[in-house]
Every structure is written in structure tokens, then in C-alpha cells.
Amino acid sequence: MSDSVRVRFAPSPTGLLHIGGLRTALYNYLFAKHHNGTFVLRIEDTDQSRYVEGAEEDIVDSLQWSGLDFDEGPGKDGEFGPYRQSERQDLYQEYAEQLIEDGHAYYAFDTTEELNDMRERLEKSGNPSPKYDAVTRMSMQNSLTLPQEEVEQRLEDGEEYVVRLKVPRRETIRFEDEIRGFVSFESKGLDDQVLLKSDGMPTYHLANVVDDHLMEISHVIRGEEWLSSTPKHMLLYKYLGWEAPRMAHLPLIMSPSGGKLSKRKAETEGIPINAKDYREQRYEPDALVNFLAYLGWSPGDDTEIHSLEELVELFTLDRVSKSGAVFNHKKLLWYNENYLREKPAEELYPRVQAIAKEHGVNPEKEYLLNIIELMKDRVSKVEDFITQGKFFFEDPEEYEEKALKKWKDGSGEIVSAYLEKISDLDEDAFTVDNLKAAVNELTDKMDVGFGKVAMPLRVAVTGQGFGPDLFPAIELLGKETTVERIKKALDKLA
RNA sequence: GCCGCGUUCGUCUAGGGGUUUAGGACGCUGCCCUUUCACGGCAGUAGCACGGGUUCGAAUCCCGUACGCGGUACCA
């Protein structure tokens, strides 16, 4: 039982779930499922001032959209709940008291001003990184310096206090990270971390350790920004008499301009930052997942495309890279195109239909299915079926500038000759073969290349210089529409 | 500043002492296919941060430097 894999994704509901968080969730999920383990969602809402309404819902929705179903979490109770830290407050209190009793933590009464003063004073006297530590705590207001009766009196009077971790003066803290190997820190570089805040809530550090232990988490897989606070966590495990879970610190997702990919940077660089943005911008979730998996990990062979199930099969922590990975939006788009191409038109249909509706058109299913089939090889996003295939639903009002370049001097003559030819075709003879044959006859007769006919024809019928295979598109459009459009183009362009 | 982590093509990465003229993918360029647009195929482009060791031999091991990133809160 103790060797079963249990991992958790533990976001704070301080805003929408961002792409880095989603990747952390993904790696946790992959690891859990690879080992037939359990994937837990825990909401770390201990900072009431940063709590954002609706954030938890967004996290759950985003995970679901991505296909990362959690086994335990809010609304999905296992035997380790509750799964919101705000609902576990008593627990933390209890352990904080235990730490104090055992001499590993203490009460501190210093006000914010006093703390600032202390830091300022130290800085002025040449200490570049002032800390509340083994030395400085002796000149502060805490249960280590104050007489016991006074401490008790203050507590009784309801004076505000925090509980701080009593970090040893000199100790080397060493632990093994699954991704980085052995890492070691000196305790003298550590702050006497606040464990319990004056509002009674635990800080991340206490809550995290307590919950990971109580929830029997076997592996902590989280972002690298946590690496430097891990020694504090190791101290806590030791003082509480618990075995620490295995640690794995993931490389950060970086912005193309350098630095951790932040909301601000992502925005200026045109990268969607929140999972919700990807949903709204209609990225394929399986493509996003595939892309994210490869951002900092690789299976070690030359493969690139894998479903979530395959990723589960392939994923191991030892193949996660150590250095930050720059977000490459073009590669994401490539993945998206790939997944779109592989999906059957039937599967895409409901979504494309919904988008069509948003654009004010309501095509028949058979017609839309044909369009999807025709355009699958050249769209990047689902909505491209409608936006780039606009001409399937309405006559081109104007002709794209790029397209017009393909309308040359003799084009009018050629296109009207073509028009004449296909006007003779019966409604049911309006097929790809016949339409192509008509072009061939023309090229022979007028002694011009195929492109000289097809290009301007494309412009006339679609208004675009690019697009799906022209003749099937024309067949789909039907004789009446095609003839009309060609006439109109001849009017406007010739 | 201090502490920690990292550094292979522009980007994501493979590689873990000889198998390497450093492999793949995205991007970009060219060609082929298609007498249209794509897809696809092929080819090209471009990299071991630097300096010292260790070794017969180093992208691979060690040390240093540089650079990057993270942390340094009663935020997570």
C-alpha cells in the first residue's frame, strides 16, 4: 500500500489556470497513470487575500477539457479529503502546536513594521540578505526571547502571532531530486519560515507538507520555483517524524524573450497564457497535450505524435530535461494541424457546425462534411473551416489583394472561354472530371498552361488565391453558383 | 548581493567516454509530386557557451569562468 503511486496537482485558486500549471498537471497525470497510481487535485487556498472567485471551477474545467481526469479532489472524494486546504485548517494548527512542543517551532509576535525595521537595520549594517534566523531571532519578540509567562499572557490576550520554524543554525540539508539528482543547501541560508500566519491559516510550506503526508503522496512533482524551498520542507518532514515523498522539480516554461513565461510576457508575445484561452481559441486539446508533454520531456526516440494514452505509456521522470523550455507557438500550431488532419470529418462536424452558426450560416450536414473533407489538409484551427472556407457559404464580395496578382492580362479572356465551356454542361455533368476536362480542352486550344486557367478561375470563384482543391470545390458549389460568380468576376475584373 | 539550478542547431530535443562527418522535430529555403491550393516526399540551413584538466581518446567525466533562470514575504 505504501509503495503505490499517489501524486497531486496543487494549484492555488488565485486566477485562471495558466499553461505552466496545466503542464505540471499533465506530468503528474502521466506519471500517476504510468504507474497505475492515483492523481489527486488539491486546492491550495490558504491565501485569502489572493483568492479569486471562479478560479477553482476554471481549474476543474481546464483539466477536464484537456482530458486529465483526477481521481480524487473537490467533488470527487476519496478517503483523504477534504481537498481544499481552507477546509483543513484545524489539522495544520495541530501540527504547528506539535512542532512548538517539540522545540522545532516557536511563537513570534513581531509586527510588520518591526520586521521591516530589522531588515532595514541589517541591510544598512552591510548584510545584503537579512533573515529572521538563528542569530537575529534572538533580538526579536518571540517565545524564544520572551519570558514564558509573557508569552502565555500575550497569547491569552489574543495578541496576533505567527508560528515560525526554528531552522537550525548549521546543518546541511541534502535530498535527492528525481530529475536533478542530489541537491544540497546550508540551513544558514534559510529563513525561520512562517508556518502559521496571524490569521490562523498555514503558509504553503506547512500545509503542503502536512497534506502531502496525510494524503500519502508518494511523489511531489512541481515547478522548479519550489526547489529552493524544498529544504524547509525536508526539515518539516524530519521534525514531524515523517518520511518525505520523492521530489521532482520540473523545468519552467520560458518566454521566447527569456524568463519565466508570465502573463505579461505571453500577452506581448501573442502567446495564449491561460488554459481557458486555448479552449476559447479552439485549439485541439489533444494537440495541446502532446505539445506540452514534449516541452521539457521526450521519449528518447524520433517520434513526435502521441495520444494521451500513448504518453502515459511512454512517460518517465528520468527523461524530463533539466533546463527551461521556451514556448514555441509555431510548433503548437503544427501539432494542431496534425491532429485536425487525422480526425474524421464526422468527429469534427459538430464543432464546425457550431462555428458556422456563430458566423451566421447553417449549412446542411452533407455539404459541411464535404467541405471539412476538402479542407482538412490546410487548416490550422477548427474555425478555419469556416473562415477560410467562407466562399462555400457566400459569394466573394471582394477579391483578396494577393489573389488579384494571379489575375493577369489575358485572364479575362481565358476565364470567359472557360465559362462558355461549362455553361454547356448539364447540372449533373458538373463533375470534377468534366470540369478538369474543360480546362484541358482550353489549354490545348488556346495554347496556355493549366495554371493560366486554374489560377484566375480560383480567384473568380473563391475570391482567394489559395484554398482547397479547386475542382471538387466547384463541383460542390454547383453549376448555378459557379457560373454566376464567374460572370460577376468577369464584370468586376476584366 | 547571497543561495540553488541549469547551458547540444533560432526553438523543442536525441546523445551519458570511441558506434558521431553530432540524430530527429518545428521554423526557414530549394526541389519533386500535383498542368490549381495543400498534404506528402526529398534536399539544404544551422549547434556541443568558454577555459583548463582527466584520458590513448571527451558533446559525454572533473574544476573554474561566463551567461541564463529560479528563490531570497505573515504569495503560492
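It should be emphasised that the depicted structure is a prediction, and the values quoted were computed from it without experimental measurement. Convention: sequence-line order gives letters A, B, ...; per-chain numbering from 1.
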Practice item. Report which part of the nucleic acid Gly189(A) touches: base, sugar-phosphate, or nothing (heavy-atom distance under 4.0 Å, all strands). Key: nothing

Review point. With sequence neighbours excluded, what pairs up with His213(A) under the ring pair (Phe, Tyr, Trp, His ring centres under 6.0 Å) test?
Key: Trp242(A)

**Study point:** Closest contact, heavy atoms only, Val220(A) versus Ile217(A)
**Key:** CG2-CG2, 4.2 Å

Check your understanding: Checking all strands, does Thr303(A) fall into the base, sugar-phosphate, or nothing category for heavy-atom contacts under 4.0 angstrom?
Key -> nothing

Check your understanding: Charged N to carboxylate O under 4.0 angstrom, Glu123(A) versus Arg121(A)?
Key -> no

Study note, to complete from the structure: Any strand, both distances under 3.5 Å, Watson-Crick or G-U wobble: A46(B) pairs with none

Review point. Given that Ile179(A) and Asp444(A) both sit by RNA chain B, which one's nearest nucleotide is further toward the 5' end?
Key: Ile179(A)

**Study point:** Atom C1', compared across U7(B) and A59(B): separation rounded to whole Å
**Key:** 12 Å

**Study point:** Length of the line joining Asp433(A):CG and U35(B):C1', which is rounded to integer Å
**Key:** 16 Å

Exercise for review: Find the distance Leu442(A):CG to U36(B):P and express it as a whole number of Å.
Suggested key: 16 Å

Review point. Touch check for Thr46(A), heavy atoms < 4.0 angstrom, all strands: base, sugar-phosphate only, or nothing?
Key: sugar-phosphate

Check your understanding: Is any side-chain N or O of Ser229(A) under 3.5 Å from a base N or O of G71(B), one able to act as donor and the other as acceptor?
Key -> no

Practice item. Indicate, with yes or no, if the rings of Trp297(A) and Phe315(A) have centres closer together than 6.0 Å. Key: yes

Point to revise | Integer angstrom distance from the C1' of C50(B) to that of A58(B) | key: 16 Å

Check your understanding: Going by atom types only, do Tyr92(A) and Asp211(A) share a side-chain donor-acceptor pair under 3.5 Å?
Key -> yes

**Study point:** Interatomic distance at C1', U60(B) relative to U8(B), whole Å
**Key:** 11 Å

Exercise for review: For nucleotides G57(B) and U19(B), find the distance between their C1' atoms and express it as a whole number of Å.
Suggested key: 14 Å

Check your understanding: Side chain of Asp469(A), base of U36(B): donor and acceptor closer than 3.5 Å?
Key -> yes

**Study point:** Within 45° cone and under 6.0 Å: Arg174(A) NZ/CZ vs Phe185(A) ring
**Key:** no

Point to revise | Touch class at under 4.0 angstrom, heavy-atom based, for Val183(A) against every strand present | key: sugar-phosphate

Distances under 3.5 Å between protein N/O atoms and the N/O atoms of nucleotides 40-45 of chain B, please, pair by pair.
{"unit_1": "G40(B)", "atom_1": "OP1", "unit_2": "Arg341(A)", "atom_2": "NH2", "d": "3.4"}

Study note, to complete from the structure: The answer to which of Val448(A) and Trp297(A) contacts RNA chain B further toward the 5' end, by nearest nucleotide, is Trp297(A)

Point to revise | Distance test, side-chain N/O of Arg164(A) to OP1/OP2 of C74(B), below 4.0 Å | key: yes

**Study point:** Test applied, side-chain hydrogen bond (donor to acceptor under 3.5 Å, both in side chains); reference residue, Asp192(A); option that passes from Arg137(A), Lys166(A), Arg164(A)
**Key:** Arg137(A)

Review point. How is Phe185(A) classified with respect to the nucleic acid when contacts are heavy atoms under 4.0 Å: base, sugar-phosphate, or nothing?
Key: sugar-phosphate

Review point. Are OP1 or OP2 of A76(B) and a side-chain N or O of Thr14(A) less than 4.0 angstrom apart?
Key: no

Review point. So what does Leu470(A) hit on the nucleic acid, given a heavy-atom distance under 4.0 Å: a base, only sugar-phosphate, or nothing?
Key: base

Review point. What about Ser198(A), does its side chain sit under 3.5 Å from the base of C74(B) through a donor-acceptor pair?
Key: yes

Exercise for review: Ignoring backbone atoms, test whether Lys197(A) places a side-chain nitrogen or oxygen under 4.0 Å from the OP1 or OP2 oxygen of A76(B).
Suggested key: yes

Exercise for review: Looking at every strand, decide which applies to Lys260(A) at a 4.0 Å heavy-atom threshold: base, sugar-phosphate, or nothing.
Suggested key: sugar-phosphate

Check your understanding: For Ser321(A), which contact category applies under a 4.0 Å heavy-atom criterion: base, sugar-phosphate, or nothing?
Key -> sugar-phosphate

**Study point:** Pairwise P distance for A49(B) and A76(B), with rounding to whole Å
**Key:** 38 Å

Give the table of side-chain donor-acceptor pairs shorter than 3.5 Å for residues 287-295 of chain A, with sequence neighbours excluded, one pair per line with atom names and distance.
{"unit_1": "Asn290(A)", "atom_1": "OD1", "unit_2": "His306(A)", "atom_2": "N", "d": "2.7"}
{"unit_1": "Asn290(A)", "atom_1": "OD1", "unit_2": "Tyr339(A)", "atom_2": "OH", "d": "2.5"}
{"unit_1": "Asn290(A)", "atom_1": "ND2", "unit_2": "Glu304(A)", "atom_2": "O", "d": "3.1"}
{"unit_1": "Tyr294(A)", "atom_1": "OH", "unit_2": "Thr303(A)", "atom_2": "O", "d": "2.9"}

**Study point:** For atom OH of Tyr294(A) and atom C1' of A25(B), their distance in whole Å
**Key:** 9 Å

